[in-house]
Structures are given as structure tokens and as C-alpha cells.
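Source: prediction; values computed, not measured.
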Amino acid sequence: MRRVTLFVRGSPLHGKVIPVTGSLSDLLSLASITFGIQATQVFNENGGQIDDISLIRDDDVLYVAEEESEVDPMASFEIPEQLTGGHTDWLTLNVGGRYFTTTRSTLVSKEPDSMLSHMFSDGDAWGNKRDHTGAFLIDRSPEYFEPILNFLRHGQLIVNDGVNLLGVLEEAKFFGIDSLIEHLEVAIKNSQPADDHSPISRKEFIRFLLATPTKSELRCQGLNFSGADLSRLDLRYINFKMANLSRCNLAHANLCGSCLERADLSGSVLDGANLQGVKMLCSNAEGASLKGCNFEDPSGLKANLEGANLKGVDMEGSQMTGINLRVATLKNAKLKNCNLRGATLAGTDLENCDLSGCDLQEANLRGSNVKGAIFEEMLTPLHMSQSVR
């Protein structure tokens, strides 16, 4: 069913939307009842008289008159410019229910290739729909359209507080305002907060621990804990893969079953820490202190430090039964009085390493580099089957 917006001749106010049914006489009768007049003629918005109901289209804006006039219909009443939608310079846009009044030149001049330019540069070539006031209907967000219209007016990007720049950018892309898109992309980039690489503090981490259910997996991959005091905390089974734990205080922390693969532990203090079953593959613990640590798990789960950088570490007195130190670097490390029974040290760099007082029974030292290493006061003698180079 078609419907039209009707006005009394010459008046842009108090329009009524009515259905178009039956004949032209039926339309005039309905208009007469609606406006309380004796409507006998109907005109389109350009002043042309309509005498055939088939000429009326859906959403047309029409004007009714009481009696036939012998003068030119356009002389008897004047259609306001803002209602005609003709090729006048001033026009009104109804964008998402909000009205904007601007000039045609504003919409077409600055961005001649934009959608808005094509919509209004050639009269009503696009067949733009209008509301009951004659304003052009545009089904977009008025909040995001306002900065676009102001940009077309004066070439400056001005956005009110609280308006999302991403929303304005999407509208600019929709309307094809290329020069504004560049401004918005720069503004959005500049408005983004700088990446926060500041280390996580002990207080923040404890709050994080308390807020996490005990059965949930804690994933701290890649986080920055540099210099943090995490001593004596229960950090069991936490995933610290690739985390920055350099210069951290982890003394007496419980890291049982934790993943420290490729983590940076350089310069950290882990004295007395529980490292049962820990995974430290390819981690960097250069210069760290691990005195008196316990790597030995009674259940048989072995700590894995394969490929780790342990240059200059102090691991004196640590329990490392069955530990995997294959191809790890322990150059200049202190391993005095360590329990390395059954440890895998194949291919390990033990150059200048102090192994005095260690228990190396059944340890695998095949292919390891023991140049300058100290083997004084060994608890058990090395056997030739444990070949070293």
C-alpha cells in the first residue's frame, strides 16, 4: 500500500501521512476530512497538477487545494525551498532523526568523488527520499555525521568529547571522504595509550593470584615481572613461558611444576626455592643465584633445564637428582656440594665450573666440556663409562 504526505496548499506545516487507496476522488475526500477543507485539486511538490492516481508514488509529498484556480498553480502558492529538494543551494538533511542544514556546495565541492557529492551534485538524480518536512533522509548516525559535515565546511577535524573516533572513521569510509579518513587514522593512532611495559608489582600479582580460582590455570606468558619481589609465594604450576623475571626475588618461592621455558631469569635470586619438576628449557638464568634449591621430585618428575643458559649461576648445595641439563651452558657456574646423582649432563658446557663435593654417581657426562672444571672432594669417583672430553 502506497502512502503520501499531504499539505494544504502553500503551507509547509501540519502535514499528514495518509494511505493512497482507490481513485483520485477517494484521495481528495480523505484529504478534505483530514484538513477540514473542500479539497478539489492535488499538486506535486513542483506545482504540477495530478489528475491520475497512477502518477502518485509511494512517499510522495503532495499539496491539496480547495478550488480550481484560473491562475498558474505555482503563482497561487510557493513551495518552500527546503521542501522542494530542487537544485537550490540550501538544503536540509535528516540524518538518523537529527536535522542538519547546509549548502549544496559544502557537500559537493571539497570531496567531489564522495557519495555525498554524487547524491547532491545533480539535483535529485539519485532519487533521494525526503521526510514530511522535505528534508533528505539519510539513515546514518547523526553523532558520527556531525564531524564529517563540519570537516566539509572548514576542512578541520573537530570531534566533541565522548564521540568515538572509530565510529566517525567508519562513517567517513561509508561516505568516501578520503581526506578525512587520513586525518582520522592519525588521530586514532595518537589517541591510543602507549604500550605499558612497566613491570608487575608484588601487590598487583598477589591480587591477581587471589582473584584466580585454585583449579584455574594461571597463564603469565610474556609478562614483565622485572625486579619484582615474588619471594615465598605459592607459584606452583604457573605458566611463565617467555616472561621477564630478570632481577626478581624468588627466594623460597614454590615453583613446583611451573613452566619457565625461554623465560628471562638473569640476575634473579631463587635461593631455597622449590623447583621440583620445573620446566626451564632454553631459559636465561645467567648470573642468577639458586643456592640450596630443590629440583628433586619424590614422585619421579624430573626438572628439565635442557639448553638453558646458566653461565655464572650459583647453585651450591642444591638437590638436583635426575635433573636434565643436556646441552645447557654452566660455564663458570658454582655447583659445590650439589646432588647431581643420575643427572643428564650430556653435551653440557661445564668449563671452569666448580663441581667440588658433588655427587655425580650415574650422571651422564658424555660429550660435556669440563675444561678447567674443579672435581675436588668428590663424593663418588667418576667412571670412564661417564666419558667426558
Side-chain angles (χ1 to χ4, degrees), residues 199 224-231 235 240-253 255 258-276 278-296 302-341 343-360 363-365 367-379 382 388-389:
N224 185 6
F225 295 91
S226 179
D229 180 7
L230 304 178
S231 61
L235 307 175
F240 288 108
K241 186 175 181 179
M242 301 181 72
N244 182 1
L245 292 156
S246 61
R247 304 185 311 280
C248 272
N249 182 2
L250 289 158
H252 302 284
L255 287 157
S258 293
C259 177
L260 292 160
E261 184 177 343
R262 299 183 184 276
D264 184 0
L265 289 155
S266 57
S268 293
V269 176
L270 292 93
D271 296 345
N274 183 3
L275 297 168
Q276 294 176 348
V278 72
K279 296 178 183 178
M280 291 177 61
L281 289 83
C282 301
S283 60
N284 176 24
E286 184 172 353
S289 178
L290 292 91
K291 291 185 290 186
C293 290
N294 181 25
F295 292 88
E296 185 178 355
K302 297 179 180 180
N304 191 348
L305 281 74
E306 183 173 336
N309 177 14
L310 300 167
K311 288 181 182 179
V313 298
D314 188 348
M315 304 177 79
E316 184 175 350
S318 292
Q319 293 295 319
M320 296 189 283
T321 301
I323 192 171
N324 181 7
L325 287 165
R326 183 176 175 275
V327 298
T329 301
L330 284 147
K331 188 175 181 179
N332 300 316
K334 297 178 182 179
L335 278 73
K336 290 179 65 175
N337 303 315
C338 286
N339 183 357
L340 287 162
R341 182 174 296 215
T344 300
L345 295 159
T348 303
D349 185 0
L350 296 167
E351 184 176 349
N352 299 323
C353 183
D354 188 352
L355 291 158
S356 56
C358 285
D359 184 355
L360 287 165
N364 181 1
L365 288 151
S368 61
N369 176 19
V370 294
K371 180 180 178 181
I374 301 173
F375 289 96
E376 297 177 356
E377 302 176 2
M378 301 292 292
L379 295 182
L382 288 176
V388 297
R389 62 179 174 86

Exercise. Between Leu340 and Cys358, which heavy-atom pair has the shortest distance, and what is it?
Worked result: CD1-SG, 4.3 Å
For this session: First locate atom CG of Leu345, then atom CG of Asn369, and finally report the distance between them rounded to the nearest 0.5 Å.
Result: 12.0 Å
Exercise. With no hydrogens and no angle check, do the side chains of Ser226 and Ser246 hold a donor and an acceptor under 3.5 Å apart?
Worked result: yes
Seminar exercise, completed: Looking only at heavy atoms, the pair that brings Ser318 and Cys293 closest together is OG-N, 3.0 Å
For this session: Could you tell me the separation between the CD atom of Glu377 and the NZ atom of Lys336, rounded to the nearest 0.5 Å?
Result: 7.5 Å
Problem set entry | Between OG on residue Ser258 and CG on residue Leu275, distance to nearest 0.5 Å | 8.5 Å
For this session: For the pair Asp271 (side chain) and Lys291 (backbone), establish whether a donor and an acceptor sit closer than 3.5 Å, ignoring hydrogens and angles.
Result: yes
Exercise. Among Asn352, Leu350, Asp349, which one satisfies side chain to side chain contact (heavy atoms under 4.5 Å, CB included) with Asn332?
Worked result: Asn352
Exercise. Side chains of Lys302 and Thr344: does their closest heavy-atom pair fall under 4.5 Å?
Worked result: no
Problem set entry | With Asn309, the side chain to side chain donor-acceptor pair (under 3.5 Å) member among Asn284, Asp264, Thr329 | Asn284
Problem set entry | Closest approach of Ala253 to Leu235 (non-hydrogen atoms, all atoms of both residues) | CB-CD1, 4.2 Å
Exercise. Between the side chains of Asp314 and Ser289, is a donor N or O closer than 3.5 angstrom to an acceptor N or O?
Worked result: no
Seminar exercise, completed: Tightest non-hydrogen contact, residues Phe240 and Ala263, listed as O-CB, 3.7 Å
Exercise. Would Glu306 and Arg326 pass as an ion pair if we require N to O under 4.0 Å?
Worked result: yes
Problem set entry | Residue pair Met320 / Leu335, side-chain heavy-atom distance below 4.5 Å | yes
Exercise. Considering only heavy atoms from C-beta outward, does the side chain of Ser231 approach that of His252 to under 4.5 Å?
Worked result: no
Seminar exercise, completed: Separation between CZ (Phe295) and CG (Leu325), nearest 0.5 Å, reads 8.0 Å
Problem set entry | Glu376 backbone acceptor or donor facing Ser356 side chain under 3.5 Å | no
For this session: Starting at CG of Leu250, measure out to CG of Leu260 and round the result to the nearest 0.5 Å.
Result: 8.0 Å
Exercise. Backbone N or O of Glu296 within a donor-acceptor pair of the Gln276 side chain at under 3.5 Å?
Worked result: yes
Exercise. Would you call Asp359 and Arg341 a salt bridge, taking side-chain N to carboxylate O under 4.0 Å as the test?
Worked result: yes
For this session: Supply the atom-to-atom distance Asn337 CG to Gln319 CD, rounded to the nearest 0.5 angstrom.
Result: 10.5 Å
Exercise. Within the distance-only criterion (no hydrogens, no angle test), does the side chain of Ser268 pair as donor or acceptor with the backbone N or O of Cys248 below 3.5 angstrom?
Worked result: yes
For this session: Take Ser368 and Thr348, measure what side chain to side chain donor-acceptor pair (under 3.5 Å) needs, and give me the verdict at the end.
Result: CA-CA 5 Å; Ser368 61; Thr348 303; over 6 Å; no
Problem set entry | Ser283 side-chain N/O to Leu265 backbone N/O, donor-acceptor pair under 3.5 Å | no
